[in-house]
Undergrad: 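Got a structure for you, written out below as structure tokens; questions coming shortly.
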Amino acid sequence: MTTAPTASGVKGDHEYEYDVIVIGGGSGGLAAAKEAAKHGAKTACLDFVKPSPAGTTWGLGGTCVNVGCIPKKLMHQAGILGEQFSDAREYGWKLATEGHDWSKMVEAVQNHIGSLNFGYRTALREKGVTYINAYGKFKDAHTIIATKKNGQEQEITADKIIVAVGGRPSYPDAPGAKDCCITSDDIFSLPEAPGKTLCVGASYISLETAGFLTALGFETSVAIRSIPLRGFDQEIAEMIVKYMGEHGTRFLRDSQPTAFEKQDDGKIKVTFENTMFGNTFEETFDTVVCAVGRDAVTEGLDLKAAGVEFNAKNGKIPCVDEQSNVENIYAIGDVLDTRQELTPVAIKAGIRLMRRLFSDTPYKEKMNYDLVPTTVFTPLEYGTIGMSEELAVETYGADNIECYISYFKPLEWSVNHEEHNGVAVRGDNKCFVKLITNLADDERVVGFHYLGPNAGEVTQGYAVAMKMGAKKSDFDETVGIHPTVAEEFTTLEITKRSGIDASKAGC
Ligand code: FAD
Ligand code: NAP
């Protein structure tokens, strides 16, 4: 493996057409291409979207904008608004709820995405990046064959090549999966309402999708073959599942779909196997959304032609500071092996890499993948930074960590006493915070967990403190903003070890 690049001044000092070609116009690729051009590098950016098996395709901007974060957050918001009707009634608003119009929501969301696609094209043009709507493939380490939609091929060369091709949803290895099921590539532009839906998988995408579909009024089930939200704090993962269950999502635990079959009426018959006992059962759904992980789309890139090593299991590219084993070839974003699949990670890595490569200043900052905050946008949102309790116990030992916890109910929820099917819309003590500290390091906070409304906003703020190495005493020193949910972190006193009830009775 070669060492990380720090040199600048490579612009034009070579025999190639471009200083840099970026393959992939998603979160990472666009950020990288614009940054390179900003520093005077002659830059080309290729982007090409292959239709999903269900035939869905989209414009420039990659996963986040078209089939990921943006439509997901907007549909999550649509679901949250539904719950807020209940709040509004209790606050005195007189509302005539007419139900939800799926097609109208899809049209509004897609219109917004269309404007973003247009904005990205304009931004590339304004920054002087050559945008090529073509599929890129390596001929050698400096040459890319760009194939347009009409099959026309063009060879382009560059001194440096950035692979930013991202990933696409995978399908379960079960008969009928590709013919019968859709994925996150399709759900956000589905013209007709999905009806009775099964979400397969138990991580971010499945739970987020099931959350907004349930909130929009669809009969929604989730098939979990093992545990929910693997890698996340399991105490909180189970609280999310419980909350979603109470609010209408049905969970099929220990259940793995083994076959999908389209019926004459268009519905899908799913055969499940119980992963504990091996028995099988069947059920029919209008729509099945598979959210069983994502594969890096390096298969068509011919990485071998350029000598780039990749992980045979998932197609991802192992790198050191985004540099592959081939000196002039780099990778950023979801295609990078063992790194977080998150938009801000792809963007920051792309920008920093381009500054290191092309800035005229001696810029050396590398991407730091530690303590990356993230939020799962389930109906009760979950923001987290650092270690789960399981990982902290494994790393430091149970006796060497402290877990400070508190259950609470946001003030804004407190005037809503409505119930649906005997369950309070805004129940007591459904929200939760947990700070995990390392006792051997003066109680430095190693895990931050927040379950409640606006988790992304709360967690983003505390992420700075975590990056600065905050200790429990720093949280204690901080004065809260009252009345907020985020102030909960400034008054934490009850430890799990104490066994004291951490539920709240009042403000
Ligand atoms: P992408 O954005 O996937 O871009 C890659 C681009 O390259 C695509 O346009 C692709 O078509 C193109 N391409 C591929 N191969 C070629 C080729 N050979 N030639 C030319 N072009 C090619 N992250 C968050 O931070 N927050 C969230 O809330 C969030 N929600 C998500 C919800 C869903 C449903 C999904 C699927 C993802 C979500 N993510 C979220 C993850 C986020 O979308 C990705 O981490 C991010 O988009 C990765 O950016 P990227 O640049 O690596 O790849
Ligand atoms: P994921 O995190 O890889 O999880 C895949 C899920 O599918 C797991 O629950 C897994 O169960 C299950 N699974 C795998 N194969 C299966 C099969 N054959 N049958 C049934 N279940 C199966 O995938 P993801 O949810 O698709 O998310 C991909 C990435 O996108 C995430 O890592 C995340 O970084 C990003 N993302 C981020 C956000 C956000 O920031 N809010 C939102 C969405 C996505 P096991 O645990 O048993 O393997």
Side-chain angles (χ1 to χ4, degrees), residues 21-32 45-50 57-73 75-76 132-138 144-147 162-174 177 183-185 187-188 199-209 222-232 255-258 272-273 275 289-302 314 331-336 339-347 349-350 372-378 381-383 455-456:
I21 295 174
V22 180
I23 311 177
S27 307
L30 286 179
C45 179
L46 275 67
D47 191 62
F48 191 87
V49 180
K50 289 195 172 175
T57 187
W58 50 87
L60 179 62
T63 303
C64 170
V65 174
N66 295 285
V67 289
C69 333
I70 301 297
K72 182 276 305 290
K73 183 89 188 280
M75 294 195 180
H76 169 66
I132 306 172
N133 183 200
Y135 190 82
K137 178 177 146 178
F138 282 97
I144 298 296
I145 305 167
T147 309
I162 315 296
V163 181
V165 295
R168 292 292 285 268
S170 48
Y171 287 79
D173 184 16
T183 66
S184 54
D185 278 359
I187 185 76
F188 304 113
C199 296
V200 184
S203 199
Y204 281 92
I205 298 180
S206 184
L207 294 186
E208 290 178 342
T209 305
V222 178
I224 303 185
R225 69 174 181 182
S226 57
I227 56 166
L229 290 171
R230 183 178 296 283
F232 288 90
S255 300
Q256 164 116 39
T258 52
F272 297 88
E273 186 181 83
T275 51
V289 182
C290 287
V292 296
R294 295 172 61 79
D295 296 325
V297 286
T298 46
E299 211 179 88
L301 270 181
D302 204 355
N314 58 18
I332 53 169
D334 284 8
V335 75
L336 212 48
R339 298 302 189 193
Q340 299 93 339
E341 296 177 9
L342 295 170
T343 278
V345 170
I347 292 175
V372 169
T374 184
T375 288
V376 185
F377 293 98
T378 34
E381 299 172 1
Y382 170 33

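Remember, it's a predicted structure, so these values are computed and weren't measured experimentally. If you read the sequence from its start, that first residue is 1, and numbering goes on from there. All ligand and atom numbering here is 1-based and tracks the order in the structure. These values consider heavy atoms only, across backbone and side chains, with no hydrogens, waters or symmetry-generated copies.
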Undergrad: Heavy-atom contacts with Val49 under 4.0 Å: which atoms of ligand 1 show up? List them by number with element.
TA: 11 (O)
Undergrad: Can you tell me if Pro169 has a non-hydrogen atom under 4.0 Å from ligand 1?
TA: no
Undergrad: Within 45° of the six-membered ring axis of Tyr135 and under 6.0 Å from that ring's centre, is NZ or CZ of Lys50 located there?
TA: yes
Undergrad: Does the residue Ala164 have a heavy-atom contact with ligand 1, meaning some pair of atoms that are separated by less than 4.0 Å?
TA: yes
Undergrad: Do any nitrogen or oxygen atoms of Ile205 come within less than 3.5 Å of a nitrogen or oxygen of ligand 2?
TA: yes
Undergrad: Is the shortest side-chain heavy-atom distance between Glu208 and Met75 below 4.5 Å?
TA: no
Undergrad: Starting from atom 14 (C) of ligand 2, which protein heavy atom do you reach first, and at what distance in Å?
TA: Val292 O, 3.3 Å
Undergrad: Rounded to the nearest 0.5 Å, what separates atom OG1 in Thr343 from atom CD1 in Ile70?
TA: 7.5 Å
Undergrad: Relative to the heavy atoms of Ser184, which atoms of ligand 1 are at a distance of less than 4.0 Å?
TA: 34 (C), 36 (C)
Undergrad: Quick check on the 6.0 Å ring-centre criterion: do Tyr204 and Tyr382 meet it?
TA: no
Undergrad: Which part of Ala202 is near ligand 2, with near meaning a heavy atom under 4.0 Å away: side chain, backbone, both or neither?
TA: both
Undergrad: Quick test of your reading of the model: are Asp185 and Arg168 salt-bridged, counting only N-O distances below 4.0 Å?
TA: yes
Undergrad: Can any side-chain N or O of Arg294 pair as donor or acceptor with the backbone N or O of Gly167 at less than 3.5 Å?
TA: yes
Undergrad: If you count the non-hydrogen atoms of other residues, nucleotides and ligands that lie under 6.0 Å from NZ in Lys137, is the total more than 12?
TA: no
Undergrad: Does Gly166 offer a backbone N or O that forms a donor-acceptor pair with the side chain of Asp334 under 3.5 Å?
TA: no
Undergrad: Tell me: protein heavy atom nearest atom 2 (O) of ligand 2, and distance?
TA: Ser203 OG, 2.9 Å
Undergrad: Can you pull out the closest protein heavy atom to atom 33 (C) of ligand 1? Residue, atom name and distance to 0.1 Å, please.
TA: Gly68 CA, 3.4 Å
Undergrad: With respect to atom 30 (O) of ligand 2, which of Arg339, Glu341, Gln256, Lys73 exhibits the smallest heavy-atom separation?
TA: Glu341
Undergrad: As a test of understanding, state which of Asp295, Leu301, Asp302 forms a side chain to side chain contact (heavy atoms under 4.5 Å, CB included) with Thr298.
TA: Leu301
Undergrad: How far is atom 21 (N) of ligand 1 from its nearest protein heavy atom, and which residue and atom name does that atom have?
TA: Phe48 N, 3.1 Å
Undergrad: Can you sort out which atoms of ligand 1 are near Gly166, meaning under 4.0 Å from one of its heavy atoms?
TA: 3 (O), 5 (C), 52 (O), 53 (O)
Undergrad: Purely on distance, is any nitrogen or oxygen of Arg168 under 3.5 Å from one on ligand 1?
TA: no
Undergrad: Does any N/O atom on Asp173 come nearer than 3.5 Å to any N/O atom on ligand 2?
TA: no
Undergrad: Considering heavy atoms of the protein only, find what lies nearest to atom 45 (O) of ligand 1 and give residue, atom and distance to 0.1 Å.
TA: Asp334 OD1, 2.8 Å
Undergrad: Are any of the N/O atoms on Thr343, whether in the backbone or the side chain, positioned under 3.5 angstrom from an N/O atom of ligand 1?
TA: yes
Undergrad: Quick one: which ligand 1 atoms are inside 4.0 Å of a heavy atom on Gly62?
TA: 2 (O), 4 (O), 8 (C), 9 (O)
Undergrad: Against heavy atoms of Ala134, which atoms of ligand 1 measure under 4.0 Å?
TA: 19 (N), 20 (C)
Undergrad: Contact between Ile205 and Val292 at the side-chain level, heavy atoms closer than 4.5 Å - yes or no?
TA: no
Undergrad: I need the nearest protein heavy-atom contact for atom 16 (C) of ligand 2: residue, atom name and distance, please.
TA: Arg225 NH1, 3.3 Å
Undergrad: Which bit of Thr375 gets closer than 4.0 Å to ligand 2, counting heavy atoms only: side chain, backbone, both or neither?
TA: backbone
Undergrad: Give the numbers and elements of all ligand 1 atoms closer than 4.0 Å to a heavy atom of Pro344.
TA: 25 (O)
Undergrad: Would Val200 and Val289 count as a side-chain contact (heavy atoms from CB on, under 4.5 Å) here? Give the steps.
TA: CA-CA 6 Å; Val200 184; Val289 182; over 6 Å; no
Undergrad: Is it the side chain, the backbone, both or neither of Leu342 that has a heavy atom closer than 4.0 Å to ligand 1?
TA: both
Undergrad: Distance to 0.1 Å, residue and atom name: give those for the protein heavy atom nearest to atom 47 (O) of ligand 2.
TA: Ser226 OG, 2.4 Å
Undergrad: For atom 51 (O) of ligand 1, what is the nearest protein heavy atom, given as residue, atom name and distance?
TA: Gly28 N, 2.8 Å
Undergrad: Take every heavy atom of Val335, measure it against each atom of ligand 1, and state whether any distance is under 4.0 Å.
TA: no
Undergrad: Report the part of Lys50 (side chain from C-beta onward, or backbone N, CA, C, O) that has a heavy atom under 4.0 Å from ligand 1; answer both or neither where that applies.
TA: neither
Undergrad: How far is atom 14 (C) of ligand 1 from its nearest protein heavy atom, and which residue and atom is that?
TA: Val165 O, 3.3 Å
Undergrad: Regarding ligand 1, does Ser27 bring an N or O atom to under 3.5 Å of one of the ligand's N or O atoms?
TA: yes
Undergrad: Backbone, side chain, both or neither: what part of Asp47 comes under 4.0 angstrom of ligand 1, heavy atoms only?
TA: both
Undergrad: Atom 18 (N) of ligand 1: which protein heavy atom is closest, and how many Å away?
TA: Gly136 O, 3.0 Å
Undergrad: Can you name the atoms of ligand 1, numbered from 1 with element, that are less than 4.0 Å from a heavy atom of Val297?
TA: 14 (C), 15 (N)
Undergrad: Would one find an N or O of Ser206, backbone or side chain, under 3.5 Å from an N or O of ligand 2?
TA: no
Undergrad: Within the structure provided, determine whether Pro172 and Pro257 are in side-chain contact (heavy-atom separation under 4.5 Å).
TA: no
Undergrad: Contact between Gln340 and ligand 1, counting heavy atoms under 4.0 Å?
TA: no
Undergrad: Check whether any side-chain N or O of Asn314 sits under 3.5 Å from a backbone N or O of Ala296 as a donor-acceptor pair, and report yes or no.
TA: no
Undergrad: Among all protein heavy atoms, pick the one closest to atom 28 (O) of ligand 1 and tell me residue, atom and distance.
TA: Lys72 NZ, 2.7 Å
Undergrad: Using only atom types and a distance under 3.5 Å, with no angle test, would you say the side chain of Ser27 pairs donor to acceptor with the backbone of Ala346?
TA: no
Undergrad: Is a side-chain donor or acceptor of Asn66 paired with a backbone partner of Gly59 at a separation under 3.5 angstrom?
TA: yes
Undergrad: Without swapping roles, check the side chain of Ser170 against the backbone of Gly293 for a donor-acceptor pair under 3.5 Å.
TA: yes
Undergrad: Where do Ile23 and Ile162 land on the side-chain contact (heavy atoms from CB on, under 4.5 Å) test, with the steps shown first?
TA: CA-CA 6 Å; Ile23 311 177; Ile162 315 296; over 6 Å; no
Undergrad: Where does Tyr204 meet ligand 1, judged by heavy-atom distances below 4.0 Å: at the side chain, the backbone, both, or neither?
TA: neither
Undergrad: Of the protein's non-hydrogen atoms, which lies at the shortest distance from atom 41 (C) of ligand 1, and what is that distance?
TA: Glu341 O, 3.6 Å
Undergrad: For ligand 1, which atoms sit closer than 4.0 Å to a heavy atom of Phe377?
TA: 28 (O)
Undergrad: Pick, from Ala223, Cys290, Gly201, the option with the minimum heavy-atom distance to atom 12 (C) of ligand 2.
TA: Gly201
Undergrad: Tell me, which protein residue and heavy-atom name are nearest atom 3 (O) of ligand 2, and how many Å apart are they?
TA: Gly293 CA, 3.6 Å
Undergrad: Using heavy-atom distances only, which candidate in Cys69, Cys45, Ala346 approaches atom 39 (N) of ligand 1 most closely?
TA: Cys69
Undergrad: Examine the proximity of ligand 1 to Leu301 and report which part, side chain or backbone, both or neither, has a heavy atom under 4.0 Å away.
TA: side chain
Undergrad: When you measure from atom 36 (N) of ligand 2 to each heavy atom in Phe232, Tyr204, Phe272, Tyr382, which option holds the nearest one?
TA: Tyr204
Undergrad: Report yes if some N/O of Arg230 lies less than 3.5 Å from some N/O of ligand 2; otherwise report no.
TA: yes
